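Encoded as structure tokens, the structure appears first; notes follow it.
Keep in mind that this is a model prediction, so the values were computed, not measured. In each ligand, atom 1 is the first atom listed, and ligand 1 is the first ligand listed. These numbers come from the heavy atoms of this one structure, side chains and all, not from hydrogens, waters or symmetry mates.
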Amino acid sequence: MKAVAEAVAPRPLMPVEEALAQLLALADSAPIPDREQVRLAEAEGRVLAEDLIAGLDLPPWPNSAMDGYALCLADWQGEPLSVSQRIFAGHAPEALAPGTCARIFTGAPLPAGADCVEMQENVDVLADGRVRFLHPLRSEQNVRPQGQETRVGEQVLAAGTRLGPIELGLAATLGHGRLPVVRRARVAVLSTGDELVEPGQPLGPGQIYNSNRRLLVSWLQRMGCEVVDAGILADDLELTRQCLAGLGDVDLILSTGGVSVGEADYLGMALREAGQLALWKLAIKPGKPLTFGHFRGVPVIGLPGNPASTLVTFGLLARPYLLRRLGVRKVAPLRFEVPAGFDWPKAGSRREYLRARIQDGAVHIYKNQSSGVLRSAAWADGVVEVREGTTPKVGDRVPFIPFSELLD
Ligand code: AMP
Ligand code: MG
């Protein structure tokens, strides 16, 4: 028996891309279906549920890009013009009287008949009040034409867009007071481990403070989720069963810890009894063991317990999964290549996400990349990706993902 077992090659680790593709496929098959209308003021961080279509032209009418004078170039012979009206932003002009110009201010509507604006710095106002134009003029100069930015009927934002300050500003330019958004995701967070104690409590022998709970709860809140905080779960099968059963109506159960090799995996046991379970060994570092399962139909993701592993696996795998459940299409963080400020001489069999900081045009890694060291991430601006089997050297370009891309 022993000889046979030894002859079986160990299963290769699952590449990060494959894990992500599987998670996104699972998310696509279980979208959060509920929609609601929210006021623009409450839409920050939410996911747009329908395409946003322009209901008006932007700008809605031609207007002046400058403080100056509007005239009809087609009728003008070069002579000084008298000023027939003053047009401020927010005021409706009269048609331009023939043979005159109009004083006009930035953002004010162009009067009918005008086709050109000259900036005030380029004119002389004569003693009799007439305006002499000092430079050659071009038709349409300093005029923002109607619909220059957007035409009625154009799609301005696609369903699945996350609404931040820019998107909300854009929706406001089109006059939307409310937006259709996807309901917030409800996520339960539980931290497994007999050794865990909450901050603020005294630390007993062999105990450590529960850092993952704070990390994940505040991260999920930034992502706009409703968090069901289930606190600490002791390493015990019966308690695990009870905890899962008591979580109520959530879209995702997120747990940390209890998935290390060799450990009694109570979450796994409970899921096997009342649902399904896949245990993945990922080619990722920090990280590696990841659980995906269902408990009574609710998806469960079990992240590794070391805080830096929790950070990396949540940011690169669970976060995109959750965003996709909400209908977000673009879930991949922006990454860009930066010259390495370090040597990585030993090729690994897992993809490494090194906590790193950009300084003087190169990316530098924290001295201790151990998966338990959350301080590495606090020091860092983001993570450098070192692919399996590669040995980047100082000056080689390496992919960098800023934390700012991941943390909301
Ligand atoms: P486990 O997967 O449960 O074996 O956990 C791996 C490592 O992460 C152990 O050293 C745990 O003590 C630690 N760990 C697990 N959960 C947490 C947590 N919530 N906060 C801080 N450390 C944790
Ligand atoms: Mg544990």
Side-chain angles (χ1 to χ4, degrees), residues 13-14 19 187-222 225 227-244 247 250 252-272 277-293 295 300-319 322 350 352-353 355 366 368-380 383 407:
L13 299 176
M14 187 190 287
V187 182
V189 173
L190 48 102
S191 318
T192 75
D194 282 341
E195 73 280 30
L196 300 178
V197 178
E198 286 307 332
Q201 306 294 315
L203 204 58
Q207 296 184 318
I208 60 168
Y209 286 119
N210 179 2
S211 48
N212 292 336
R213 177 188 188 187
R214 254 323 10 106
L215 175 77
L216 289 178
V217 169
S218 74
W219 198 340
L220 289 161
Q221 284 169 341
R222 275 197 177 198
C225 298
V227 179
V228 176
D229 183 351
I232 294 170
L233 176 57
D235 292 317
D236 177 276
L237 182 57
E238 184 48 35
L239 289 176
T240 303
R241 287 188 191 118
Q242 285 172 18
C243 173
L244 290 174
L247 289 175
V250 294
L252 175 66
I253 299 167
L254 204 55
S255 84
T256 64
V259 286
S260 301
V261 187
E263 186 162 0
D265 174 8
Y266 300 104
L267 181 73
M269 292 179 202
L271 293 185
R272 270 188 214 96
L277 174 76
L279 272 173
W280 294 344
K281 295 260 174 284
L282 306 183
I284 190 171
K285 191 177 177 184
K288 186 167 160 184
L290 192 110
T291 301
F292 188 92
F295 180 80
V300 182
I301 295 180
L303 302 174
N306 274 309
S309 306
T310 303
L311 170 83
V312 165
T313 52
F314 181 81
L316 298 177
L317 296 166
R319 175 183 179 274
L322 190 53
R350 294 189 273 161
E352 303 242 11
Y353 290 94
R355 277 74 71 212
Y366 190 70
N368 184 345
Q369 294 288 335
S370 160
S371 59
V373 177
L374 193 55
R375 202 174 156 191
S376 61
W379 176 89
V383 287
L407 281 175

Pull out every atom of ligand 1 sitting under 4.0 Å from any heavy atom of [X], numbered as shown with elements.
X: Ile208; answer: 12 (O), 21 (C), 22 (N), 23 (C)
X: Tyr209; answer: 20 (N), 21 (C)
X: Asn210; answer: 18 (C), 19 (N), 20 (N)

Decide whether an N or O pair under 3.5 Å exists between [X] and ligand 1.
X: Pro307; result: no
X: Ser191; result: no
X: Arg213; result: no

Subject >> The one among Gly305, Gly257, Pro289, Gly193 that brings a heavy atom closest to atom 14 (N) of ligand 1 >> reply: Gly305
Original post:
Under the salt bridge (charged side-chain N to carboxylate O under 4.0 Å, His left out) test, which residues partner Asp229, sequence neighbours left out?
Top reply: Arg213
Original post:
Considering only heavy atoms from C-beta outward, does the side chain of Thr256 approach that of Thr192 to under 4.5 Å?
Top reply: no
**OP:** Would you please test Leu407 and Arg222 for side chain to side chain contact (heavy atoms under 4.5 Å, CB included) and show each step?
**Re:** CA-CA 7 Å; Leu407 281 175; Arg222 275 197 177 198; 3.7 Å; yes
Original post:
Pairs in or reaching into residues 190-222: which pass ring pair (Phe, Tyr, Trp, His ring centres under 6.0 Å), with residues at least two apart or in two chains?
Top reply: Trp219-Phe314
Original post:
Under a heavy-atom criterion of less than 4.0 Å, does Pro304 contact ligand 1?
Top reply: no
Original post:
What residue among Val312, Ile301, Leu282 forms side chain to side chain contact (heavy atoms under 4.5 Å, CB included) with Leu317?
Top reply: Leu282
Original post:
With backbone taken as N, CA, C and O and side chain as the heavy atoms from C-beta onward, which portion of Leu196 lies under 4.0 Å from ligand 1: side chain, backbone, both, or neither?
Top reply: side chain
Subject >> Working for side chain to side chain contact (heavy atoms under 4.5 Å, CB included), residues Thr291 and Val300 >> reply: CA-CA 8 Å; Thr291 301; Val300 182; 5.7 Å; no
**OP:** Test Val189 against Asn212 for side chain to side chain contact (heavy atoms under 4.5 Å, CB included), laying out the working first.
**Re:** CA-CA 9 Å; Val189 173; Asn212 292 336; over 6 Å; no
